[in-house]
Each structure stands twice: as structure tokens, then as C-alpha cells.
Protein chains: 2
Amino acid sequence: MEAPQNTKRTKASEPTLKRLPRYLHYLQKAQDKGILTISAPVIGKELQCDPTQVVKDLATTGVKGRPRIGYNIHELIQTIESFLGYNRANEAFLVGAGNLGMAMMSYPDFQRFGLKIVAAFDTNRDKIGRSRSGINILHMNKFQDLARRLQVRIAVLTVPHTVAQEVTDLLVASGIEAIWNLTPSQLQVPEHVIVQNTSMYANVTLLLKKLQEKDESESVQ
Amino acid sequence: MEAPQNTKRTKASEPTLKRLPRYLHYLQKAQDKGILTISAPVIGKELQCDPTQVVKDLATTGVKGRPRIGYNIHELIQTIESFLGYNRANEAFLVGAGNLGMAMMSYPDFQRFGLKIVAAFDTNRDKIGRSRSGINILHMNKFQDLARRLQVRIAVLTVPHTVAQEVTDLLVASGIEAIWNLTPSQLQVPEHVIVQNTSMYANVTLLLKKLQEKDESESVQ
DNA sequence: ATCTAATAAAGAAAAAAATCTTTATATATT
DNA sequence: AATATATAAAGATTTTTTTCTTTATTAGAT
Ligand SMILES: NC(=O)c1ccc[n+]([C@@H]2O[C@H](COP(=O)([O-])OP(=O)(O)OC[C@H]3O[C@@H](n4cnc5c(N)ncnc54)[C@H](O)[C@@H]3O)[C@@H](O)[C@H]2O)c1
Ligand SMILES: NC(=O)c1ccc[n+]([C@@H]2O[C@H](COP(=O)([O-])OP(=O)(O)OC[C@H]3O[C@@H](n4cnc5c(N)ncnc54)[C@H](O)[C@@H]3O)[C@@H](O)[C@H]2O)c1
């Protein structure tokens with residue numbers, strides 16, 4: 001692959017990338033209601049965020065809007081989905097079919113966002129051989145062989161944090177290039193491997209801290 | 001803002017607040033190994049982040065370190081925990097005892113981070129009356145009364161996104177002040193209610209996009 | 001005791017992101 | 001057709017966050 005028709009390697013910022021799925025979710029609901037065009041100010045008002053921010057975010061996807069009209073909602077959704085790669089169905093292996101892992105296997109919507117969990121792996125004999133939502137749970141010792149043969153590049157990590165690093169080492173050795181890390185561990189990986197941390201703790205912390213700050217500011221007044 | 005008297009309202013930034021739990025997790029592991037003092041450069045190297053950033057983050061909690069020595073690890077952990085309010089055991093209700101909700105109920109570690117789920121609520125008859133990890137699942141129609149009587153201020157929201165807003169309205173009407181929103185919906189709430197969104201989608205998106213960008217940059221060379 | 005090296009702490013600079021401002025354009029209204 | 005207006009788009013400004021520098025302090029070495 002070469003020569004992108006539009007060498008505009010937009011390189012969207014992280015904050016923008018995080019906001020786009022939210023817009024998309026809202027836009028899909030709006031489209032279901034039969035809306036054909038939508039403007040940035042409307043999106044901003046509905047999602048309680050700055051309208052110029054919305055314009056800027058949408059602009060990074062390359063979509064064009066028309067003054068006084070807004071954006072064609074169908075075109076907008078298509079453009080965002082394509083920009084984010086949601087139409088690619090990236091295949092992933094889930095590792096650690098425990099409480100959280102099983103919940104994620106049961107969740108059909110990830111596929112709509114471009115992630116398809118095609119198999120799960122565990123070391124617990126009780127889990128192996130079972131399946132959930134059509135996804136089979138296999139023994140961990142099959143991981144390396146299957147990852148290579150099926151050329152799976154993405155792993156979803158939901159093992160106990162105590163084994164997170166050793167499992168990660170195996171994933172990397174198996175050619176995994178991107179890890180979605182749901183454990184609280186800070187994984188050590190080679191340069192070329194991408195890690196996306198989803199820290200529940202960070203979110204709990206932020207919530208509790210905001211509440212605490214609210215209390216303090218009220219008690220001061 | 002005005003008059004910053006001795007009010008040490010440090011007002012830590014969001015990025016700082018998100019990094020602190022990670023430091024804490026690492027520090028606890030280090031303490032378990034018998035380490036007594038630790039320096040910012042060591043933490044930074046281990047967690048692959050900038051050492052001066054670590055110093056700045058730790059400084060916001062008010063802890064003091066000593067040149068050439070570093071921080072007393074016990075004091076450091078205590079200070080961070082107290083700063084983040086982890087020793088408060090904030091009580092919360094979980095709403096929507098489905099796949100994700102059940103997983104969260106089974107997860108004992110939240111309590112270590114200051115969040116204690118004391119009851120769960122659902123509308124599904126099959127769920128009601130059951131319990132998980134000692135947390136009872138009650139009917140949603142008991143929510144309002146219990147929230148008021150027990151003075152629970154925090155709700156964890158894990159219902160289907162289709163009902164997220166209507167459930168939220170009930171939570172707010174019941175006096176809930178902070179909502180940890182695990183659904184993809186953008187909740188509409190009054191000014192005084194705090195919402196913390198944990199969007200799995202945003203994280204998937206970021207991961208897939210990074211992988212995509214890596215592919216593109218490689219194909220360009 | 002004195003010197004050296006490591007490191008916390010404070011401050012400055014740079015980078016990134018969000019917000020605000022201006023401009024241009026297309027549509028609806030008159 | 002002319003005008004007013006909403007809004008996308010581009011640019012400027014401000015704010016926030018990160019990174020870089022400098023300074024001061026302290027343990028350990030000489
Ligand atoms: N449950 C939650 O709500 C929640 C929330 C936030 C974070 N997490 C994190 O997610 C991870 C999983 O949590 P959980 O509650 O699902 O735990 P869990 O114990 O229910 O599940 C872990 C699974 O991993 C499997 N496993 C253990 N060692 C393995 C190995 N070497 N290789 C492959 N599989 C292995 C276990 O058999 C088990 O099925 C933990 O790191 C936890 O910190 C969970
Ligand atoms: N499962 C996952 O891994 C995952 C990942 C990301 C986001 N989410 C989000 O989390 C939410 C829950 O997902 P899930 O997979 O657990 O779904 P689920 O269907 O398994 O669970 C939803 C639960 O909410 C209950 N419920 C429905 N209406 C209710 C009401 N009005 N009041 C109280 N309870 C009600 C249902 O009975 C059910 O038990 C969804 O919004 C989903 O988008 C889930």
C-alpha cells in the first residue's frame with residue numbers, strides 16, 4: 001500500500017480519538033430517529049461539549065459539512081467509522097476467561113466497533129472446552145500456535161494481575177502486536193508492541209476525588 | 001478563585017489523578033518485596049514514565065522526599081491513599097446486575113480503592129433475591145427508599161444503554177450525587193451530579209487506531 | 001571535615017489541547 | 001435578486017500539561 005490519495009496523515013490527538021466514538025454513538029441513535037442532516041452546534045448541545053471542538057474533531061476525519069445545513073448524517077457516520085477502522089473486524093484473542101473476560105465475551109457490541117473476539121484462552125481446567133456467546137475457551141498452551149496460524153495480532157488481557165506480566169511475555173513471543181490491558185499491571189513490552197490500558201481504578205479514583213472536592217468546596221463556603 | 005489561604009486545596013490535575021493509582025499499585029508491590037525507601041527515578045524507570053513527572057505528581061499529594069534517599073515507601077503509600085480517599089470506604093449501589101455488573105460485584109479490589117458496593121439492583125425477576133460475593137440483588141423499586149435511608153451517594157451504572165437515561169433520572173431523583181457510568185450513553189444530569197464515564201469503546205478505538213497508524217507508517221517507509 | 005554524586009524541589013520553557021475569534025459560504029427570508 | 005443568518009472552516013489566543021533547567025540538600029566517599 002502506498003500513495004494515499006490524500007496524504008493528509010491527520011494524526012488525530014488522543015482526546016479527539018476518545019471523543020469520536022461518543023459522537024458516533026449519538027449519531028447512530030439520531031439516524032435511527034430518521035434525522036438526515038445534523039450540525040455541530042446541535043451535537044455539542046446534546047453531548048454537552050463545545051461546538052467548535054466538535055467541528056474540529058469531525059474535521060480530522062476529513063468529512064465536509066455545509067454552512068447553514070450541517071453534515072449529512074449518513075456520510076458522517078460512514079466517514080467516522082472508516083476513519084476509526086470500525087469496518088475492519090480486527091480479530092482478537094481474549095486471555096483469562098474469568099468474571100470480566102466472560103462479560104466481555106458476552107458483549108456483542110465490540111464487533112460493531114471493529115473488534116472481534118474469535119477465541120478465549122485460560123489455564124483453568126473447569127473453563128476449558130466451554131464456550132460463551134459462540135466463543136470457545138481453549139487451553140493456554142494452544143495460544144502460540146493458533147495466534148501464528150490465524151495471524152491474530154490483538155489480545156485482550158483479563159487475567160489476574162499477579163500473572164499479567166508472564167502472560168504478556170508469552171503473548172509477545174507469540175507475535176501479538178497490540179494488547180488491551182484490563183489488569184492494573186503496568187506491562188513491560190518491546191517497543192513495537194502497543195499497549196492500551198483500561199484502568200478501572202483510575203476511573204474510580206477520579207470519581208471519588210471529584211466527590212471529595214465537591215464536599216470540600218461546599219464546606220468552605 | 002481567590003484568597004488561597006492555608007487552604008492546601010492542591011487541586012490535582014486529571015492526568016495526575018489517573019497516574020497516582022498506578023504508582024500506588026506499583027508501590028504496594030515494591031513494599032511487599034521489603035523495600036523501605038524509593039526514589040522518583042526508580043519509579044519512573046519501572047513504570048516507563050518521566051521521573052520529573054513522578055516528582056510533580058507525588059508533590060501534589062503533599063508528601064516530602066529526601067535527596068539522595070527518596071521517599072519512605074510506607075509514608076508515601078499512606079499519603080497517596082489518604083489523598084485519594086481510599087481509606088474512606090465510600091458506599092455505592094450497583095444498578096444492572098448483568099454480565100458486567102456481576103463481574104464488578106465479584107471484584108474485591110474496588111474496596112481497596114475506596115469503593116464499597118453494598119447492594120445491587122435489577123428489574124429482572126431471575127436475578128432478584130440472588131447474591132454474588134455477599135452482595136444482594138434487590139428489585140429496582142427498592143432503590144429510592146434504600147438510597148435515602150442508607151444515605152448512599154454513589155451509583156455504579158451497568159444497565160443496557162437503551163435504558164441508561166431513564167435509570168439515571170431515577171438515580172438522581174433518589175439523591176445520588178455521583179454516577180460511575182459504564183454504559184456508552186452520554187447521561188444528562190443536573191449540574192450538581194458528578195458523572196464519571198468509563199468508555200470501553202474509547203479504549204478499543206484508541207488501540208485499533210494506534211495499530212492502524214503503525215501499519216500505515218510502516219507501509220510508507 | 002570536605003568533596004562528590006544523586007535526587008527532591010522549584011521554576012522555566014515547550015508542547016498540546018481547548019477555547020475563542022474571525023471569515024467565508026450557503027441557505028432561507030424578504 | 002438582495003439581505004440576513006446560521007454554521008463550517010480556518011486562524012489566534014488562552015489554558016493546561018509535559019518536559020527541560022536550575023538549585024539546593026543530603027548521604028556517602030575520600
Ligand atoms: N472483575 C472486575 O470487575 C474487574 C474490574 C477491573 C479490573 N479487573 C481486572 O481484570 C482481571 C481479571 O479479573 P476477574 O475478576 O475476571 O478475575 P478472575 O479470577 O475471575 O479471572 C481471571 C481468569 O484468568 C485465568 N488465568 C489465571 N492464570 C492464567 C494464565 N496464566 N493464563 C491464562 N489464564 C489464566 C483464571 O483461570 C481466570 O479464569 C484482573 O487483573 C482484575 O484486576 C477486573
Ligand atoms: N459486558 C461488557 O463487557 C461490557 C463492556 C462495555 C460496556 N458494557 C456496557 O455495560 C452495560 C451492561 O452490559 P452487560 O453486558 O452487563 O449487559 P446485560 O444485559 O448482561 O446486563 C444488564 C442488566 O441490567 C438489567 N436491567 C435492565 N433494565 C434495567 C432497569 N431499568 N433497571 C435496572 N436494571 C435493569 C438487566 O436485567 C441486566 O441484568 C451496557 O450498557 C453495555 O453497553 C458492557
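First the proteins, then the strands, lettered A, B, ... as listed; each starts at 1.
- Less than 6.0 angstrom separates the ring centroid of A/Phe110 from the ring centroid of A/Tyr107.
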Could you give the side-chain donor-acceptor pairs of residues 47-56 of chain A under 3.5 Å, partners two or more places apart or in another chain?
residue	atom	partner	partner atom	Å
A/Asp50	OD2	A/Thr52	N	3.2
A/Asp50	OD2	A/Thr52	OG1	2.3
A/Asp50	OD2	A/Gln53	N	3.2

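- The distance between atom CG of B/Leu17 and atom P of D/dT16, rounded to the nearest whole Å, is 15 Å.
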Less than 3.5 Å apart, which donor and acceptor atoms pair up between the side chains of residues 86-103 of chain B and the rest of the protein, not counting sequence neighbours?
residue	atom	partner	partner atom	Å
B/Tyr86	OH	A/Thr205	OG1	2.3
B/Asn90	ND2	B/Gly114	O	3.2
B/Asn99	OD1	A/Arg132	NH2	3.1

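- To the nearest 0.5 Å, atom CG of residue B/Leu84 and atom CG of residue B/Leu17 are 6.5 Å apart.
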Legend entry - Footprint string (nucleotides 23-28 of chain D, 5' to 3'): B base within contact, S backbone only, - free, heavy atoms under 4.0 Å: --BBSS
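- When rounded to the nearest whole Å, the span between NZ of A/Lys64 and P of C/dA26 equals 13 Å.
- For B/Leu20 and D/dT17, the CG to P distance is 13 Å, given to the nearest whole Å.
- Annotation: side-chain hydrogen bond (donor to acceptor under 3.5 Å, both in side chains) contacts involving residues 169-179 of chain B, sequence neighbours excluded, comprise A/Lys214-B/Glu177, B/Arg153-B/Glu177, B/Gln165-B/Asp169.
- Look at B/Arg112 and B/Asp109 and you find a salt bridge, because one of the NZ, NE, NH1 or NH2 atoms lies within 4.0 Å of a carboxylate O, short of that distance.
- When each of A/Thr158, A/Thr198, A/Asn197 is tested with A/Trp180 by the rule side chain to side chain donor-acceptor pair (under 3.5 Å), just one qualifies, namely A/Thr198.
- A/Tyr26 has its ring centre no less than 6.0 Å from the ring centre of A/Tyr23.
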Expected rows: protein N/O vs nucleotides 16-19 of chain C N/O, under 3.5 Å:
residue	atom	partner	partner atom	Å
C/dA18	OP1	A/Arg19	NH1	3.0
C/dA18	OP2	A/Arg19	NH2	3.1

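- Axis deviation across the helix from C/dA1-D/dT30 to C/dT30-D/dA1 amounts to 0°, comparing end segments of five pairs, rounded to 10 degrees.
- A side-chain donor from one of A/Asp57 and A/Thr16 sits under 3.5 Å from a side-chain acceptor of the other.
- Within 6.0 Å of NZ in B/Lys210 there are more than 12 heavy atoms belonging to other residues, nucleotides or ligands.
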